[in-house]
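Below is one structure, written out as structure tokens; comments come after it.
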Protein chains: 2
Amino acid sequence: MTAPKVRSPRKPKGQGAERREEILDAALKLFSAKGLHTVSTRQIAEAVGISQPALYAYFATKDDITAELCIRAFAILVERMEAARADFTPTAESFERALRVYVDFGLENPDAYRVAFMVEKGLDGTYKERVGDRPMMAGIGAFQRFAEIVGEVRDAGLTHDDDVQRITQTLWAGLHGLVSLLIARADFPWVEREVLIACHISLLRRGALKGVA
Amino acid sequence: MTAPKVRSPRKPKGQGAERREEILDAALKLFSAKGLHTVSTRQIAEAVGISQPALYAYFATKDDITAELCIRAFAILVERMEAARADFTPTAESFERALRVYVDFGLENPDAYRVAFMVEKGLDGTYKERVGDRPMMAGIGAFQRFAEIVGEVRDAGLTHDDDVQRITQTLWAGLHGLVSLLIARADFPWVEREVLIACHISLLRRGALKGVA
DNA sequence: GTGATAAGTTATCACTGATCGATTATTGTG
DNA sequence: CACAATAATCGATCAGTGATAACTTATCAC
């Protein structure tokens, strides 16, 4: 009953990067299935078909693996945000669609989202020292795209508040609250998810924009 | 330079509960100073002045310690919520004050808040199996008090939405977003904190209540 | 005093992330 | 084809983690 320990064949000389991708793939699958903390480096290595120390040829620490996954996911969010901005018009409907992009991304990439915004940092900055703030910077990149959209509705005179940073941070917090709770507390007796999301987004819209009841 | 290892004198026979309190006190301090994951059971034991296995006479697992801390903190929130409800009148001002109670509690008890709402659960329900959902139930207790307040403004005909559960969950998510981000990402270039909180709360109020601009 | 037992100990386990030094396998070059 | 260079990888091992088992010691009621 001992594990078969199927070893993946050694990579040709220049193809270490390929192994790196395999590690990221395996890690993402395991994290998604079992959660970040419960997955060990040995489990990841076995899934890839290499020894556990071999991981450290490609990543300095375990946290670096999660950080990399997170950065990649946020690159996708930035893309989506830019797409949302491309066909954005300063209307309530378009604004709600933009908010929805954020929510959908979070729910489709729960693990990346966790790493970027929900992983404990340690009050002494331990986490920061370990992985740097690259994952968060990636998240902020998306945040800035979002701020640009908010800027447009502000310039159109639709917002209650004039300060773009202020509105954006507030809206972001509002969106993050929903996403993070739906991820972290999936078994809470939530109202039907689609309804809740729609409800939440229109509440945020009403709170931020004036005129439209 | 080796640790002095000051041992606390053995407790008299019936006074084990007292040691339990000492453990909770020490754990709370350490968690607050260094973060949950970076504090080991050995560190807690040394702070108390007992051996590490002695902890297990009072708590079945490390998670049980954090869970207990969390439950106690939420008992305080319930108290505050009930106080807020006691002198609650269905007005915009009173409503905003109630929202503020939640935010203040979260920021004053960041560690309890983390344990209850931000700690990873493991997608297979691992966390639930370990500590039960008692901490979350404690949080929900507070949530229900909050729902009662929302019910009052609904009954006064002040809300856009009629469904109390729906509004409450939405508002809760909105509040949680701000609190959790301020806790987990304290070094983000936030707008001045007091301003942000005021802004956020009035956005939520505008989104939930009608009439008051 | 004498058991009973609460309170606490030491030793140890399986597991974690991480490091070291040695060992392959593949490669471009002579 | 042989060979040195080196990328890729492994086995052994380390300190630290949460947790358990078996044992000791202080305190209590009688």
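For Lys62(A), the salt bridge (Lys or Arg N to Asp or Glu O under 4.0 Å) criterion is met by no residue, not counting sequence neighbours. When the side-chain contact (heavy atoms from CB on, under 4.5 Å) test is applied to Arg100(A), the partners found at least two apart in sequence or on another chain are Asp104(A), Glu194(A), Ile197(A), Ile201(A). Taking Val191(A) as the reference, Val195(A), Gln165(B), Arg166(B), Gln169(B) meet the side-chain contact (heavy atoms from CB on, under 4.5 Å) condition, with sequence neighbours excluded.
At whole-Å resolution of the value, CZ in Arg7(A) and P in dA25(C) are 13 Å apart. Rounded to a whole Å, the CG atom of Leu55(B) is 19 Å from the P atom of dA6(C). For the pair Glu46(B) CD and dG16(D) C1', the computed distance is 14 Å after rounding to whole Å. The interatomic distance linking Ile50(B) (CD1) with dT25(D) (C1') rounds to 16 Å, in whole Å. The interatomic distance linking Arg20(B) (CZ) with dA7(C) (P) rounds to 13 Å, in whole Å. Atom pair Ile44(A):CD1 and dA18(C):C1' shows a separation of 13 Å (rounding to whole Å applied). We find that CD of Gln15(B) is positioned 11 Å from C1' of dA6(C), with the value rounded to whole Å. Lys11(B) places its NZ atom 19 Å from the C1' atom of dT5(C), with the value rounded to the nearest Å.
Residue Pro12(A) is in sugar-phosphate contact alone, with no base atom involved, counting any heavy-atom pair closer than 4.0 Å across all strands shown. Residue contacts for Ala54(B): at a heavy-atom cut-off of 4.0 Å it reaches a base atom on one of the strands shown. The residue Tyr58(B) sits close only to the backbone: its heavy atoms come under 4.0 Å of sugar-phosphate atoms, none of a base.
By the 30° and 60° cut-offs, the orientation of the rings of Trp172(A) relative to Phe188(B) is tilted.
Of the side-chain N and O atoms in Ser51(B), one or more sit less than 4.0 angstrom from OP1 or OP2 of dT9(C).
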The contact string for nucleotides 12-17 of chain C, one letter per nucleotide 5' to 3', using protein heavy atoms under 4.0 Å with B, S and - for base, sugar-phosphate only and none, comes out as ----BB
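A salt bridge does not link Arg10(A) to Glu18(A): none of the charged side-chain nitrogens sits closer than 4.0 Å to a carboxylate oxygen. A salt bridge is absent between Arg7(A) and Glu46(A): the closest approach of a Lys/Arg side-chain nitrogen to an acidic carboxylate oxygen does not fall below 4.0 angstrom.
On a pure distance criterion of 3.5 Å, a polar donor-acceptor pair joins the side chain of Arg10(B) and the base of dT25(D).
The C1' atoms of five pairs define one axis at each end of the helix from dG1(C)-dC30(D) to dG30(C)-dC1(D), and these two axes lie 10° apart (to 10°).
Annotation: side chain of Tyr58(B) is not in contact with side chain of Ile65(B) (no heavy-atom distance under 4.5 Å).
When each of Tyr113(B), Phe74(B), Phe117(B) is checked for a ring-ring contact (aromatic ring centres under 6.0 Å, His included) with Phe105(B), only Phe74(B) meets the rule.
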Donor-acceptor contacts, no H, no angles, side chain residues 75-82 of chain A, under 3.5 Å, sequence neighbours left out:
residue, atom, partner, partner atom, Å
Arg80(A), NH1, Glu108(A), OE1, 3.2
Arg80(A), NH2, Glu108(A), OE1, 2.6
Glu82(A), OE2, Arg145(A), NE, 2.9
Glu82(A), OE2, Arg145(A), NH2, 3.2

